[in-house]
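On a predicted model such as this, the values are computed, not experimentally measured, just so you know. Computation of the quantities below employed the complete heavy-atom set of this structure, encompassing side-chain atoms and omitting hydrogens, waters and symmetry-equivalent molecules.
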Amino acid sequence: MKLELYKFDTCPFCRRVMKYIEQSGRTDVEYHDIHKSAADRERLIRDGGMEQVPCLFIDGKPMYESSDIIAWLKANPAV
């Protein structure tokens, strides 16, 4: 399963998700900072349909809202 988190560092909701990922010890989430990479920002808009972060792409399908992302990560622990 491919997990990609689109975020930027000063977003409080992104920080919440990243804190959970760090505390859970997950290493299977790839980070993409939309303020540091124009290509990442363009992909977020193209494939996700909007510029909202955090956005977790799960095998290419976007999921928004920090609480939904954390709930999904809890329900689907890393193997």
Side-chain angles (χ1 to χ4, degrees):
M1 179 172 305
K2 185 170 184 176
L3 302 176
E4 301 170 278
L5 182 67
Y6 283 72
K7 53 92 176 174
F8 61 87
D9 291 337
T10 57
C11 165
F13 300 104
C14 298
R15 292 170 65 121
R16 181 175 175 226
V17 172
M18 291 185 298
K19 182 179 180 180
Y20 172 77
I21 292 169
E22 182 181 320
Q23 289 176 339
S24 70
R26 291 188 83 119
T27 58
D28 60 336
V29 180
E30 182 179 310
Y31 292 101
H32 297 273
D33 191 316
I34 66 165
H35 284 181
K36 294 180 181 175
S37 169
D40 286 342
R41 180 180 172 277
E42 290 169 11
R43 188 216 171 193
L44 173 65
I45 295 168
R46 181 186 70 237
D47 296 350
M50 57 185 155
E51 193 177 344
Q52 179 179 328
V53 292
C55 176
L56 180 67
F57 280 91
I58 306 162
D59 288 335
K61 293 184 179 181
M63 174 182 286
Y64 297 93
E65 302 300 330
S66 59
S67 57
D68 292 341
I69 292 169
I70 291 169
W72 188 92
L73 291 169
K74 286 180 180 177
N76 297 274
V79 289

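Interatomic distance, CD of Gln23 versus CD1 of Ile70, reported as 9.5 Å (0.5 Å rounding). Taken from NZ in Lys19 to SG in Cys14, the straight-line distance is 15.0 Å, to the nearest 0.5 Å. To the nearest 0.5 Å, the span separating CD on Glu4 from CG on Asp47 amounts to 9.0 Å.
Applying the salt bridge (Lys or Arg N to Asp or Glu O under 4.0 Å) criterion to Glu51, with sequence neighbours excluded, gives Arg41. For Arg26, the salt bridge (Lys or Arg N to Asp or Glu O under 4.0 Å) partners two or more places apart in sequence, or in a different chain, are Asp28.
Checking side-chain atoms of Ser24 against main-chain N and O of Ile21 turns up a donor-acceptor pair under 3.5 Å. Between the side chain of Asp59 and the main chain of Lys2, a donor-acceptor pair closer than 3.5 Å is present. Between the side chain of Tyr20 and the backbone N or O of Ile69, no donor-acceptor pair lies under 3.5 Å.
Look at Lys7 and Asp33 and you find a salt bridge, because one of the NZ, NE, NH1 or NH2 atoms lies within 4.0 Å of a carboxylate O, short of that distance.
Listed here is the closest heavy atom pair of Gln52 and Leu44: O-CD2, 3.8 Å. Between Cys11 and Pro54, the closest heavy-atom pair is SG-CD, 4.4 Å.
Residues Leu5 and Met18 are in side-chain contact: their nearest non-hydrogen atoms beyond the backbone lie under 4.5 Å apart.
With hydrophobic clusters built from ILVMFWY side chains whose heavy atoms lie under 4.5 angstrom apart, Leu56 does not share a cluster with Met50. Under the 4.5 Å side-chain heavy-atom criterion for ILVMFWY residues, a single connected hydrophobic cluster contains both Tyr6 and Tyr64. Val53 and Trp72 fall into different hydrophobic clusters, where Ile, Leu, Val, Met, Phe, Trp and Tyr are joined by side-chain heavy atoms under 4.5 Å apart, directly or via other members. Side-chain heavy atoms closer than 4.5 Å link hydrophobic residues (I, L, V, M, F, W, Y) into clusters, and following such links, possibly through other members, connects Leu73 to Tyr31.
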Handout entry: Working for side chain to side chain contact (heavy atoms under 4.5 Å, CB included), residues Ile58 and Leu3
Key = CA-CA 5 Å; Ile58 306 162; Leu3 302 176; 4.0 Å; yes

Exercise for the section: Take Glu42 and Ser37 through the test side chain to side chain contact (heavy atoms under 4.5 Å, CB included) and record every step on the way to the result. Expected result: CA-CA 9 Å; Glu42 290 169 11; Ser37 169; over 6 Å; no

Exercise for the section: Apply the test salt bridge (charged side-chain N to carboxylate O under 4.0 Å, His left out) to residues Asp9 and Lys36: give CA-CA distance (whole Å), side-chain angles for both, the deciding distance (0.1 Å), then the verdict. Expected result: CA-CA 10 Å; Asp9 291 337; Lys36 294 180 181 175; 3.5 Å; yes

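Both the sub-6.0 Å distance and the 45° axial angle are satisfied by Arg43 relative to the ring of Phe57.
Atom CD of Glu22 is surrounded by 12 or fewer heavy atoms from other residues, nucleotides or ligands within 6.0 Å. By the neighbour-count criterion of 12 heavy atoms within 6.0 Å, atom CZ of Phe13 is sparsely surrounded, having that number or fewer from other residues, nucleotides or ligands.
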